[in-house]
Amino acid sequence: PGLDAANLLIRGDGVRGDTLDDTLAHAGLSLRQRADVLAAHPPLAAVYDLTQEVQPRINYLRFLHDNDRLGGESVASCIARQPQ
C-alpha cells in the first residue's frame, strides 16, 4: 500500500444489478450511454460474466473514483469511454 493507505475510502456496498443494463444504470450511466456502450462493445454482454468480471471492474472504478484516482472523471464517463 502507498503512504495514504490509511486514508483510503472503501464502500461497504458494491454495484448492483441482475442484468448488464441494470448494473450500468446503477453505475450511473444514462439510458443513452448504456445504449451506446452496448452497441459499440457487444462482447460486454456476450462474453464477460456479469458478477465475476463486469461488476468487480465497476466496483474497482468506484474505489478509484472515491479515492480521487480517476483524474476527476466520473465512473459513468470512464465506462462510456472505455467499457472493456
How close do [X] and [Y] get, heavy atom to heavy atom, and via which atoms?
X: Leu61; Y: Cys78; answer: CD2-SG, 3.8 Å
X: Ile58; Y: Ala27; answer: CG2-CB, 3.7 Å
X: Tyr48; Y: Arg57; answer: CE2-NH1, 3.4 Å
X: Leu70; Y: His65; answer: CD1-CB, 3.7 Å

- Query: Does the side chain to side chain contact (heavy atoms under 4.5 Å, CB included) test come out yes or no for Asp22 and Arg16, once each step is laid out?
  - Reply: CA-CA 7 Å; Asp22 288 344; Arg16 296 182 308 270; over 6 Å; no

- Message: Under the side chain to side chain contact (heavy atoms under 4.5 Å, CB included) test against Ile79, which residue among Leu24, Leu44, Val54 passes?
- Response: Leu24

- Task: Using the test salt bridge (Lys or Arg N to Asp or Glu O under 4.0 Å), find all partners of Glu73 that sit at least two apart in sequence or belong to another chain.
- Result: Arg81

- Contacts of Arg34 meeting salt bridge (Lys or Arg N to Asp or Glu O under 4.0 Å) (sequence neighbours excluded), chain-then-number -> Asp21

- Message: Between Arg62 and Asn59, is the side chain to side chain contact (heavy atoms under 4.5 Å, CB included) condition met? List the steps.
- Response: CA-CA 5 Å; Arg62 290 171 76 187; Asn59 287 330; 3.8 Å; yes

- Quick one: CG on Asp18 to CG on Leu50, what's the gap to the nearest 0.5 Å? 8.0 Å

- Query: Would you find a donor on one side and an acceptor on the other, under 3.5 Å apart, between the side chain of Asp49 and the backbone of Thr51?
  - Reply: yes

Tell me, please, which residues at least two apart from [X] pass side-chain contact (heavy atoms from CB on, under 4.5 Å).
X: Ala76; value: Leu29, Gln33, Ser74
X: Asp36; value: Arg32
X: Asp68; value: none

- Going through the distances and angles, do Phe63 and Arg69 end up as a side chain to side chain contact (heavy atoms under 4.5 Å, CB included)? CA-CA 8 Å; Phe63 169 80; Arg69 301 240 185 347; over 6 Å; no

